[in-house]
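A short write-up of the structure that comes next.
Computed from a predicted structure; not experimentally measured.
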Amino acid sequence: MIALIFARLAQTEYQGFIGWVLDLMETLGEVGVGLAVLIETFVPPIPSEAVLPGAGFLAYDGRMNFWLAWLFATLGALVGAWIWYWIGYAFGRNRTRWVVGKIPLMDHEDFDKAEAFFAKWGAAAVLFGRCVPLVRSFISIPAGIERMNFVKFTLYTLIGSGAWNGLWIGLGFAFGPAIKPILEQWSGVISDAVLVVIGLLVVWFIVARVIRNQKRKRELANEG
């Protein structure tokens, strides 16, 4: 399987990082899109918005099935939501909050934001929270803690995730005619720019988290 992936990537149609990502997505197929969305549930700094438009573009290019990509993306989101729902249901608030705080680059504030979002909007938060970065990863937890009806939770998750995934995959598909000639000529240059932007965003995210955590420790030390 690994040899097949590397052999496929050696024949990349586009240059640079973009070509590598698109060919990797094509090699992994629609199931790979679903796995990427599932992984985002537990590693929120990796946004699905970076994956889904690529799936849409590949569908436009005839290298992926649009509806299967949408289906597996939505199933990936649903499975991730189920896992967090049942963790919240089984562990309760305090222990689940502790678990979230142990996830690399995550902390208790991320849990608190999702909890506040659910407290404000109730069951509708499960539906609309799918469109909010970070919140969508953890909104299932307060739903489980509050024992939200599981069938209703599943339905709301499917509707919210399905609409969100359809939007981003659809954008990649719709802009395919404009994107393809640009990538054919400038994929190498664009890849370099994308890598720089991703690197800066990752550094910003990590530094901001470290500074915030250090500030919080100092405040706790001063209170003590």
Side-chain angles (χ1 to χ4, degrees), residues 21-22 24-26 28-61 63-88 100 103 105-106 110-111 113-144 146 148-176 178-179 194 197-198 201 205:
V21 170
L22 290 176
L24 180 60
M25 287 178 63
E26 182 184 7
L28 296 176
E30 295 83 357
V31 175
V33 176
L35 289 174
V37 175
L38 173 61
I39 291 171
E40 184 212 11
T41 306
F42 301 94
V43 191
I46 301 176
S48 58
E49 294 87 344
V51 176
L52 299 177
F57 175 77
L58 289 175
Y60 159 77
D61 210 25
R63 297 158 63 182
M64 186 174 288
N65 182 284
F66 180 97
W67 293 109
L68 281 180
W70 173 82
L71 175 62
F72 279 106
T74 303
L75 288 177
L78 179 62
V79 171
W82 277 347
I83 293 173
W84 277 124
Y85 176 93
W86 287 112
I87 288 175
V100 172
I103 298 176
L105 300 180
M106 296 291 102
D110 298 308
F111 174 92
K113 287 180 180 178
E115 189 176 47
F117 196 85
F118 187 86
K120 180 178 181 180
W121 298 104
V126 175
L127 179 64
F128 300 113
R130 300 297 160 189
C131 306
V132 182
L134 290 181
V135 169
R136 67 168 165 258
S137 296
F138 300 120
I139 195 63
S140 306
I141 299 175
E146 296 299 326
M148 178 179 173
N149 179 274
F150 185 67
V151 173
K152 187 176 182 179
F153 170 80
T154 298
L155 179 61
Y156 278 23
T157 299
L158 282 173
I159 294 174
S161 298
W164 187 248
N165 295 336
L167 171 65
W168 286 98
I169 295 175
L171 286 173
F173 188 93
F175 283 96
I179 294 173
V194 168
V197 171
I198 291 176
L201 288 174
F205 185 88

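- With rounding to the nearest 0.5 angstrom, the CD1 atom of Ile169 is 9.0 Å from the CE atom of Met64.
- Side-chain atoms of Ile87 and Ile141, non-hydrogen and from C-beta on, never get closer than 4.5 Å to each other.
- The closest side-chain heavy-atom distance from Leu71 to Asn65 is not below 4.5 Å.
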Taking only distance into account, with no hydrogens and no angle test, what donor-acceptor pairs under 3.5 Å do side-chain atoms of residues 114-126 form with protein atoms, sequence neighbours excluded?
| unit_1 | atom_1 | unit_2 | atom_2 | d |
| --- | --- | --- | --- | --- |
| Glu115 | OE1 | Arg93 | NE | 3.2 |
| Glu115 | OE1 | Arg93 | NH2 | 3.0 |
| Glu115 | OE2 | Arg93 | NE | 2.7 |

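- Minimum heavy-atom separation, Ala73 to Val33: CB-CG1, 4.0 Å.
- Shown here are the ring-ring contact (aromatic ring centres under 6.0 Å, His included) partners of Phe66, two or more places apart in sequence or in another chain: Phe173.
- Leu155 meets the side-chain contact (heavy atoms from CB on, under 4.5 Å) test with Ile159; sequence neighbours excluded.
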message: Apply side chain to side chain contact (heavy atoms under 4.5 Å, CB included) to residues Arg130 and Asn165 and explain how you reach the verdict.
response: CA-CA 10 Å; Arg130 300 297 160 189; Asn165 295 336; over 6 Å; no
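- For the atom pair CH2 (Trp164) and CZ (Phe128), the distance works out to 13.0 Å, reported to the nearest 0.5 Å.
- Annotation: ring-ring contact (aromatic ring centres under 6.0 Å, His included) contacts of Tyr60 (sequence neighbours excluded): none.
- The shortest heavy-atom contact between Ala81 and Thr157 is CB-CG2, 3.8 Å.
- Residues that satisfy the ring-ring contact (aromatic ring centres under 6.0 Å, His included) test with Trp70, not counting sequence neighbours, are absent from this structure.
- Applying the side-chain contact (heavy atoms from CB on, under 4.5 Å) test to Phe150 and every residue at least two apart in sequence or in another chain returns Trp82, Tyr85, Trp86, Phe153, Thr154.
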